[in-house]
Amino acid sequence: MSLLSLTPDEMHNIQTGAFFSKLSQPLREDILSRAVVRRLKDGATFSTRGSAAEEWCGVALGAVRISSVSLSGRQVTLTYAEPGVWFGDIALFDGLPRTHDADAHGPTTLLAVRKPDFKDLLGRHVELYDALLRLNCRRLRLMFNHFEDLNTRPLRSRLAKQLLLLAKSYGIPRGEEIRIGLQLAQEDLAQLLGASRQRVNQELKGFEREGAVRVEPTRLVVLSRDKLLQIAER
């Protein structure tokens with residue numbers, strides 16, 4: 001599929017992403033010249049744990065849920081790759097199989113660079129090594145922060161912090177409210193936080209009573225960012 005099939009919004013998401021926007025213009029142009037567009041329906045599988053790594057991808061629209069299954073068979077969501085985020089480079093570097101499942105969450109558009117083109121880009125543009133090193137250092141820092149939160153913060157605090165992150169990534173401001181554009185059921189939030197749906201539901205009701213959020217059938221709305229910040233810091 002031609003790169004020209006990207007919509008203006010999709011191209012904007014790629015061009016303004018935190019990783020891509022810091023690359024030199026020649027490297028950005030070279031990546032775009034090699035990428036193909038993949039459009040996935042909600043729930044479609046992009047890659048599975050244990051499969052061979054064949055592509056490096058950037059999210060142009062929608063979201064990619066990165067997840068795994070525990071020994072007990074429980075689905076565990078690690079993160080959602082938002083528009084502008086690139087993923088898949090780790091397995092292309094070390095040559096080992098994919099470590100997690102990647103599925104489309106909502107209609108999703110990806111830019112995909114094939115493994116041979118990825119290797120060629122590294123050979124042609126030394127700066128890509130440095131950029132990916134910085135990207136993976138950031139991922140490692142975020143992972144350490146996540147582990148620290150799991151071991152030191154109560155669910156209430158972790159949920160407030162997660163809602164703030166979702167509002168930052170997917171927030172749609174409407175006056176003083178911020179509607180989280182990513183459609184998440186309470187079960188999705190529970191998987192993301194490593195908690196039960198019942199406990200997440202209980203905490204969300206508490207947030208509603210305090211005027212921090214409003215829970216709608218398919219969306220969450222942040223009513224007071226300051227109140228969520230206070231909860232997250234407790």
Side-chain angles (χ1 to χ4, degrees), residues 13 16-23 47 49 56-59 62-71 74-94 96 98-103 105 129-171 178 180-197 199-204 206-207 210 212-213 220 222 224-234:
N13 290 336
T16 59
F19 170 77
F20 193 83
S21 63
K22 293 181 176 64
L23 303 177
S47 62
R49 180 174 184 170
W56 176 49
C57 293
V59 183
V64 175
R65 183 178 68 173
I66 309 299
S67 64
S68 63
V69 178
S70 69
L71 292 176
R74 185 167 177 264
Q75 188 81 25
V76 178
T77 300
L78 302 177
T79 190
Y80 289 90
E82 65 195 70
V85 168
W86 289 76
F87 66 95
D89 48 284
I90 293 175
L92 291 179
F93 270 124
D94 64 20
L96 297 176
R98 297 286 193 193
T99 55
H100 300 93
D101 299 327
D103 307 288
H105 187 83
Y129 278 104
D130 196 37
L132 289 170
L133 177 60
R134 290 194 302 270
L135 176 63
N136 281 294
C137 286
R138 174 168 170 73
R139 289 169 177 163
L140 191 58
R141 288 178 181 273
L142 290 173
M143 183 179 68
F144 284 150
N145 287 337
H146 179 66
F147 287 157
E148 182 179 355
D149 286 349
L150 281 174
N151 287 285
T152 62
R153 291 177 180 265
L155 175 61
R156 175 179 169 82
S157 173
R158 290 189 286 119
L159 176 57
K161 186 175 181 180
Q162 187 62 62
L163 293 181
L164 287 168
L165 290 173
L166 289 170
K168 180 180 179 181
S169 299
Y170 296 96
I178 302 175
I180 296 176
L182 186 67
Q183 183 172 334
L184 289 176
Q186 291 183 17
E187 181 61 32
D188 295 323
L189 274 175
Q191 291 178 12
L192 196 55
L193 292 162
S196 68
R197 183 188 61 78
R199 287 192 63 202
V200 168
N201 178 55
Q202 182 180 11
E203 297 295 350
L204 285 174
F207 290 180
E210 295 175 45
V213 302
L220 290 169
V222 175
S224 174
R225 187 174 179 275
D226 288 341
K227 289 182 179 180
L228 279 182
L229 278 170
Q230 291 173 8
I231 297 170
E233 291 170 355
R234 291 173 189 166

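Numbers here simply count residues along the sequence, with the first being 1.
Side-chain contact between Val85 and Val64 is absent, with no heavy-atom pair separated by less than 4.5 Å. Counting heavy atoms from C-beta on, the side chains of Val59 and Glu82 never come closer than 4.5 Å. Counting heavy atoms from C-beta outward, His105 and Leu184 have side chains that approach closer than 4.5 Å. Side-chain contact between Glu187 and Gln191 is present, with at least one heavy-atom pair separated by less than 4.5 Å. Looking at Thr79 and Leu142, their side chains never come closer than 4.5 Å, going by heavy atoms from C-beta outward. A heavy-atom distance below 4.5 Å is found between the side chains of Leu163 and Leu220.
Closest approach of Asp89 and Trp86 over heavy atoms only: OD1-O, 4.5 Å. Taking both residues in full, the closest heavy atoms of Asp188 and Arg65 are given as OD1-NH1, 4.3 Å, listed atom of the first, atom of the second, then distance. Between Val200 and Leu159 the shortest heavy-atom distance is O-CD2, 4.1 Å. Looking at every heavy atom in both residues, Leu96 comes nearest to Ala91 through O-CB, 3.4 Å. When all heavy atoms of Val222 and Leu228 are compared, the pair lying nearest together is CG1-CD1, 3.8 Å. Taking all atoms of both residues into account, the shortest heavy-atom contact from Arg49 to Ser68 is NH1-CB, 3.8 Å.
Rounded to the nearest 0.5 angstrom, Gln162 CD and Leu192 CG are separated by 4.0 Å. We find the OH-CD1 distance between Tyr170 and Ile178 to be 15.5 Å, quoted to the nearest 0.5 Å. Separation of atoms OG (Ser224) and CD (Gln230) is listed at 7.0 Å; rounding is to 0.5 Å. Expressed to the nearest 0.5 Å, how far CG of Leu78 lies from NE2 of His100 amounts to 4.5 Å. Distance check, rounded to the nearest 0.5 Å: CZ of Arg153 to CG of Leu193 gives 12.5 Å. Between the CZ atom of Arg197 and the CG atom of Leu189 there is a distance of 11.5 Å, given to the nearest 0.5 Å.
Relative ring orientation between Phe19 and Trp56 is described as perpendicular, the plane-to-plane angle rising above 60° on a 0-90° scale split at 30° and 60°. Between Tyr129 and Phe93, the two ring planes are tilted [angle within 30° to 60°].
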Decide salt bridge (charged side-chain N to carboxylate O under 4.0 Å, His left out) for Lys161 and Glu148; before the verdict, give the C-alpha distance in whole Å, the side-chain angles of both, and the deciding distance to 0.1 Å.
-> CA-CA 13 Å; Lys161 186 175 181 180; Glu148 182 179 355; over 6 Å; no

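In the displayed structure, Arg199 atom CZ is contacted under 6.0 Å by at most 12 heavy atoms of other residues, nucleotides or ligands. Shown here is Arg234, whose CZ atom has more than 12 heavy atoms of other residues, nucleotides or ligands within 6.0 Å. The number of heavy-atom neighbours closer than 6.0 Å to CZ of Arg139, taken from other residues, nucleotides and ligands shown, is above 12. Few gaps surround CD on Glu210; more than 12 heavy atoms of other groups in view lie less than 6.0 Å from it. Within a 6.0 Å radius of CZ in Arg225, no more than 12 heavy atoms belonging to other residues, nucleotides or ligands are found.
Between the side chain of Arg158 and the backbone N or O of His146 there is no donor-acceptor pair closer than 3.5 Å.
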